[in-house]
Amino acid sequence: ANEYNLFLKNRRTYKYFDTGVVIPDDHRQLLIEASNLAPAQNCNKNFIPILVEDTPTKEWFLEHVFYMVERSAPGRSIPKEYQMGVGTASSVFVYLEANRNFPISGRQGAEGEIITEPDNGDIAIRNINLGMNMAFLANQAYMLGYDVGFVGCSRGVRNVFDTPELRDQLFDIFDQYGIREIADQFKLAPSYAVCVGRALPMDIGPAANKM
């Protein structure tokens, strides 16, 4: 316990990763299982994590979704601050938030119907469950000896859904994971990411505003 607390005191959230590192299959499976088995309030995970490892897809999410701009400067041309971990980490778990309620897994009513939470009630706890899932996934990554970056700013997602070409590209990605239909039904949108790999010092990583 003391060693773990010492680790927590000294850990960092990393921005840049060594693109040459490959996470072996057994470690990848442990990470996937950690994400699948993490607890959730009301036994309902109102989101879907997808594991992104191919470079073109990571770069698409980086370019079109995971960047920040100043909220206080509407209409001004200002540089994007890219969340570089999404483009450089070996494994990137992209979390897709549902904007409509999933049925609650394993719960049925008296007549055998599938139970769902009231719309507002379930959406309100979605981010709580999502945060717990990210924490359990990150903890598994730490125990396997990897570095982790957390990404929670996705200013581009609205632009993706407002731009037909980009929306079509996103749904092509959903097709690769076999979730196009459920993505459309429950209005899935990329929101957060957990980046896993071997970190690089910031002074040798690429400059965020030069992407």
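Put simply, the side chain of H64 does not reach to within 4.5 Å of the side chain of T163, judged on heavy atoms. By the 4.5 Å heavy-atom criterion applied to side chains, L51 and V92 are not counted as neighbours. Here the side chains of Q169 and L166 are in contact, with some heavy-atom distance below 4.5 Å. Y177 is listed as a side-chain neighbour of V52, based on a closest heavy-atom distance under 4.5 Å. Using a 4.5 Å heavy-atom threshold, the side chains of V148 and C195 count as separate. Between Y146 and R198 the shortest side-chain heavy-atom distance falls below 4.5 Å. Using a 4.5 Å heavy-atom threshold, the side chains of S35 and Y95 count as touching. The closest side-chain heavy-atom distance from F93 to L137 is below 4.5 Å.
Hydrophobic cluster of V21: no remaining members, since no ILVMFWY side chain lies below 4.5 Å from it.
Distance check, rounded to the nearest 0.5 Å: OG1 of T57 to CD1 of I173 gives 5.0 Å. For the atom pair N46 CG and R126 CZ, the distance stands at 6.5 Å (nearest 0.5 Å). Atom CG of N99 is separated from atom CG of L188 by 8.0 Å, given to the nearest 0.5 angstrom. Rounded to the nearest 0.5 Å, atoms CG (D172) and CG (D168) are 6.5 Å apart. Summarising the geometry, atom CD1 belonging to I32 is positioned 9.0 Å from atom CG belonging to D25; distances are rounded to the nearest 0.5 Å. If you take CZ on F66 and CH2 on W60, they are separated by 9.5 Å, rounding to the nearest 0.5 Å.
Across every non-hydrogen atom of V94 and P190, the tightest pair is CG1-CB, 4.0 Å. Here the closest non-hydrogen pair linking D175 and R180 is OD2-NH1, 2.9 Å. When every heavy atom of V86 is checked against every heavy atom of A193, the shortest pair comes out as CG2-CB, 4.3 Å. Shown here for L62 and Y82, the closest heavy-atom pair between the two residues is O-CD2, 3.3 Å. Considering every non-hydrogen atom in both F136 and A38, the closest pair reads CB-CB, 3.8 Å.
Judged by distance alone, with hydrogens and angles left aside, the side-chain atoms of K58 form no donor-acceptor pair with the main-chain N or O of G85 at under 3.5 Å. The main-chain N or O of G197 is never found under 3.5 Å from a side-chain atom of S90 such that the two would form a donor-acceptor pair.
By the criterion of side-chain heavy atoms lying less than 4.5 angstrom apart, applied directly or through intervening Ile, Leu, Val, Met, Phe, Trp or Tyr residues, L144 is grouped together with I23 in one hydrophobic cluster. F17 and L31 end up in different hydrophobic clusters when Ile, Leu, Val, Met, Phe, Trp and Tyr side chains are linked at under 4.5 Å. Residues F47 and V196 share a hydrophobic cluster, clusters being chains of Ile/Leu/Val/Met/Phe/Trp/Tyr side chains in contact below 4.5 Å. In this structure, V160 is a member of the same hydrophobic cluster as I48, with clusters built from ILVMFWY side-chain heavy atoms closer than 4.5 Å. Criterion: ILVMFWY side-chain heavy atoms under 4.5 Å apart, direct or through other members. Under it, V194 and V22 are not part of a common hydrophobic cluster.
Residues satisfying the side-chain contact (heavy atoms from CB on, under 4.5 Å) test with A34, not counting sequence neighbours, are Q140. Every side-chain contact (heavy atoms from CB on, under 4.5 Å) that R158 has, sequence neighbours left out, goes to D162.
Ring centroid separation for the pair F174 and F171 comes in under the 6.0 Å cut-off. Aromatic pair Y142/F7: ring centres closer than 6.0 Å.
A salt bridge links E81 with K15; the closest basic N to acidic carboxylate O contact falls under 4.0 Å. D184 has a carboxylate O that lies under 4.0 Å from a charged side-chain N of R167, or vice versa, which qualifies the two as a salt bridge. Under the 4.0 Å criterion applied to side-chain N and carboxylate O atoms, E97 and K187 are not assigned as salt-bridge partners.
For CD of Q29, the number of neighbouring non-hydrogen atoms (other residues, nucleotides, ligands) closer than 6.0 Å is greater than 12.
Y16 and D147 share no donor-acceptor pair across their side chains, judged by distance under 3.5 Å alone.
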